[in-house]
Amino acid sequence: MANPIEQFKIQPFVPLKVGGLDISFTNSSAMMVLSVCLITLFLTLSVRSRALVPGRWQSMAEIFYEFIAGMLRDNVGAEGRKYFPFIFSLFMFVLFGNLLGMLPIPVIGFTYTSHVIVTFAMALVVFVGVTVIGFARHGTHYLRMFFPHGAPIATAVILIPIELISYFSRPFSLAVRLFANMTVGHIILKVMGGFVVSLGAFYIVPGIVPFAFLGAITVLEFGIALLQAYVFTILSCIYLHDAIHMH
């Protein structure tokens with residue numbers, strides 16, 4: 001059985017170093033570029049006709065649009081409309097990264113959302129962005145986020161450190177949640193695939209059982225790919241709500 005961790009190895013395609021910093025173009029970079037190109041192509045072609053009665057592709061694009069718009073409206077309110085382009089782009093980038101990682105794409109096949117550095121970079125952008133928005137809208141009053149309104153002053157020595165830890169742990173929890181789910185899912189698929197090959201090569205009937213289980217796990221993993229894109233996006237909306245409305 002092949003090493004299940006091997007699928008997460010970064011493979012440089014165009015080695016490049018600048019000032020001792022490795023900025024090589026890798027399989028992860030290639031999949032990110034592919035995702036952006038496919039998202040752009042999908043949305044451009046889907047809405048090009050602008051038909052009054054939408055076709056299959058236009059309907060799919062409108063479903064994504066309405067889904068994210070509804071998520072922003074429900075979790076942030078009317079003030080969140082101006083941030084729709086960012087939230088929509090974030091959702092599509094995570095979604096396509098999760099789904100493309102499930103496909104056996106030759107040479108460049110890679111799940112970039114299974115690397116914590118990628119998920120942490122996205123989470124850090126969300127965290128810094130909502131923090132800047134919070135201070136821009138509320139000024140120093142935004143620091144009230146770290147001391148709940150109405151709480152006794154005597155509890156400040158306990159509540160403020162707890163709120164600070166909770167606030168600054170947001171990018172870590174957001175990044176690790178997506179990274180861990182995608183990594184574990186792909187490892188399970190790899191291990192189960194190895195069982196199918198090893199058992200099926202010698203015993204046809206015993207090989208059917210892990211093959212059927214692998215099929216069920218694959219369907220579940222596609223569901224998890226969709227769910228994790230949703231969870232990452234809705235948590236970003238919740239953080240944005242806190243920055244705009246505070247608590």
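- His186 places no side-chain N or O within 3.5 Å of a backbone atom of Glu221 that could act as its donor or acceptor partner.
- Looking at Leu38 and Phe42, their side chains never come closer than 4.5 Å, going by heavy atoms from C-beta outward.
- A 4.5 Å side-chain heavy-atom check between Phe13 and Ile108 finds at least one atom pair inside the cut-off.
- Exactly one residue among Phe86, Tyr112, Phe88 makes a ring pair (Phe, Tyr, Trp, His ring centres under 6.0 Å) with Phe93. That residue is Tyr112.
- When side chains are defined from C-beta on, Leu95 counts as touching Leu226, because their heavy atoms get closer than 4.5 Å.
- Aromatic pair Phe127/Tyr239: centroids not less than 6.0 angstrom apart.
- Among all heavy-atom pairs drawn from Met92 and Ile39, the shortest one is O-CD1, 3.4 Å.
- Proximity of a side-chain donor or acceptor of His138 to a complementary backbone N or O of Ala243 within less than 3.5 Å is detected.
- Two residues are said to be in side-chain contact when any heavy atoms from C-beta on lie closer than 4.5 Å; Ser24 and Ile10 fail this criterion.
- Neither Leu45 nor Leu100 shares a network with the other; the hydrophobic side chains, linked directly or stepwise wherever heavy atoms of I, L, V, M, F, W or Y lie under 4.5 Å apart, form separate groups for each.
- By the 30° and 60° cut-offs, the orientation of the rings of Phe120 relative to Phe172 is tilted.
- To the nearest 0.5 Å, atoms CD (Glu163) and CZ (Phe147) are separated by 10.0 Å.
- We find the CE-OG1 distance between Met31 and Thr26 to be 11.0 Å, quoted to the nearest 0.5 Å.
- Relative orientation of the Phe67 and Phe91 rings is tilted, given thresholds of 30° and 60° on the angle between their planes.
- The shortest side-chain heavy-atom distance between Arg170 and Leu235 does not fall under the 4.5 Å cut-off.
- With a 4.5 Å cut-off on side-chain heavy atoms, Ile244 and Tyr83 count as touching.
- Counting heavy atoms from C-beta outward, Leu99 and Phe222 have side chains that approach closer than 4.5 Å.
- Centroid-to-centroid, the aromatic rings of Phe8 and Phe110 stay 6.0 Å apart or farther.
- Between Thr111 and Met102, the closest side-chain pair of non-hydrogen atoms is not below 4.5 Å.
- Here the side chain of Ser114 pairs no donor or acceptor atom with the backbone of Thr183 at under 3.5 angstrom.
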For residues 152-159, dump all side-chain donor-acceptor pairs below 3.5 Å to protein atoms at least two apart in sequence or in another chain.
{"unit_1": "Thr155", "atom_1": "OG1", "unit_2": "Pro152", "atom_2": "O", "d": "2.6"}

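- Remark: side-chain polar atoms of Asn27 are paired, donor with acceptor, to backbone N or O of Lys9 under 3.5 angstrom.
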